[in-house]
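Here the structure comes first, spelled out in structure tokens, and everything after it is commentary.
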Amino acid sequence: MATTNEYIEYVCEQIKGIGDIRYRKMFGEFMVYVNEKPVIIVCNNVSFVKKLECIEAMMKDAEIGYPYKGAKEHYVLDIDNSEFSKSVLMKVEEVIPISKPRKKK
């Protein structure tokens, strides 16, 4: 089951106010960016955040999952808890670099 447009819009609404938010369809699923930094991968209507040391304590009780086959383990973000999600993503946004544009061949 692919992520629905309604769900990706809901995700963006839940984290509204922490920066410039946009999403992009990738590989049939979505990447959510905050201030041009990739912070959430959304697959099958589930929000995943990269396992990073800066959020380890905050996410200690979070479910672990794989956004797609071959991916590394990610935390499953409780996007329904807007304030918690915002606090996690603000920490993630601080340490994630801006994606470099790929050179065209």
Side-chain angles (χ1 to χ4, degrees):
M1 171 180 104
T3 298
T4 63
N5 287 331
E6 292 81 17
Y7 185 76
I8 195 68
E9 291 290 336
Y10 174 72
V11 168
C12 293
E13 187 64 32
Q14 288 295 93
I15 61 172
K16 191 175 182 178
I18 63 168
D20 181 37
I21 299 166
R22 71 177 180 92
Y23 61 87
R24 182 175 175 201
K25 195 162 189 148
M26 299 178 79
F27 313 112
E29 295 293 348
F30 293 91
M31 180 66 74
V32 177
Y33 297 82
V34 174
N35 299 327
E36 296 304 313
K37 298 176 181 182
V39 294
I40 305 174
I41 185 163
V42 182
C43 299
N44 297 320
N45 286 350
V46 178
S47 299
F48 295 92
V49 71
K50 193 173 189 175
K51 287 181 84 175
L52 298 168
E53 192 175 309
C54 64
I55 59 170
E56 190 174 343
M58 297 173 81
M59 299 294 287
K60 69 181 182 309
D61 296 327
E63 188 179 333
I64 303 294
Y66 298 89
Y68 52 89
K69 188 177 178 179
K72 293 181 182 178
E73 275 188 341
H74 283 62
Y75 294 118
V76 175
L77 184 63
D78 180 9
I79 201 67
D80 294 329
N81 186 339
S82 179
E83 291 308 312
F84 177 73
S85 294
K86 288 177 184 182
S87 63
V88 167
L89 294 175
M90 285 189 290
K91 292 264 188 205
V92 170
E93 192 269 340
E94 289 175 5
V95 299
I96 296 286
I98 293 176
S99 296
K100 294 178 182 171
R102 297 186 182 226
K103 294 179 182 177
K104 295 183 181 180
K105 294 181 180 182

#### Entry: Neighbour count >12 (heavy atoms, 6.0 Å) for atom NZ, Lys37
yes

If you take all heavy atoms of [X] and [Y], which pair is closest and at what distance?
X     : Y     : value
Ala2  : Asn45 : O-OD1, 4.3 Å
Tyr7  : Thr3  : CD2-CG2, 4.0 Å
Pro38 : Pro97 : CD-O, 3.9 Å
Ile41 : Tyr68 : CD1-CE2, 3.7 Å
Ile21 : Cys12 : CG2-SG, 3.9 Å

Heavy-atom side-chain proximity of Tyr66 to Cys43 below 4.5 angstrom
no

**Asked** Does some side-chain heavy atom of Ile40 sit less than 4.5 Å from a side-chain heavy atom of Ile15?
**Response** yes

Glu36 meets the side chain to side chain contact (heavy atoms under 4.5 Å, CB included) criterion, sequence neighbours left out, with Asp20, Arg22, Ile98

Q | Pairwise ring-ring contact (aromatic ring centres under 6.0 Å, His included) hits with a residue in residues 29-60, at least two apart | A |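 Pairs touching residues 29-60 that pass the test: Tyr23-Phe30.
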
Exercise for review: Under the side chain to side chain contact (heavy atoms under 4.5 Å, CB included) rule, what do Glu93 and Ile18 come out as? Steps first, then yes or no, please.
Suggested key: CA-CA 10 Å; Glu93 192 269 340; Ile18 63 168; over 6 Å; no

Open item on the list: In this structure, would Val42 and Met26 fall into the same cluster of hydrophobic residues linked by side-chain contacts under 4.5 Å?
Closed with: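 Per the 4.5 Å side-chain linkage, Val42 and Met26 are not co-clustered.
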
(Q) Could you see if Ile8 belongs to whatever hydrophobic cluster contains Val34? Use Ile, Leu, Val, Met, Phe, Trp, Tyr and a side-chain cutoff under 4.5 Å. (A) yes

Would you give me the side-chain donor-acceptor pairs under 3.5 Å for residues 74-85, sequence neighbours excluded?
unit_1, atom_1, unit_2, atom_2, d
His74, ND1, Lys72, O, 2.8
Asp78, OD1, Asp80, N, 3.4
Asp80, OD1, Tyr10, OH, 2.7
Asn81, OD1, Phe84, N, 3.2
Ser82, OG, Gln14, O, 2.5
Ser85, OG, Asp78, O, 2.9
Ser85, OG, Asn81, O, 3.1

*Begin from the C-alpha positions of Val39 and Val88 and carry the test side chain to side chain contact (heavy atoms under 4.5 Å, CB included) through to its verdict.*
CA-CA 10 Å; Val39 294; Val88 167; over 6 Å; no

Donor-acceptor pairs under 3.5 angstrom involving side-chain atoms of residues 50-65: please list them, not counting sequence neighbours.
unit_1, atom_1, unit_2, atom_2, d
Lys51, NZ, Glu73, OE1, 2.9

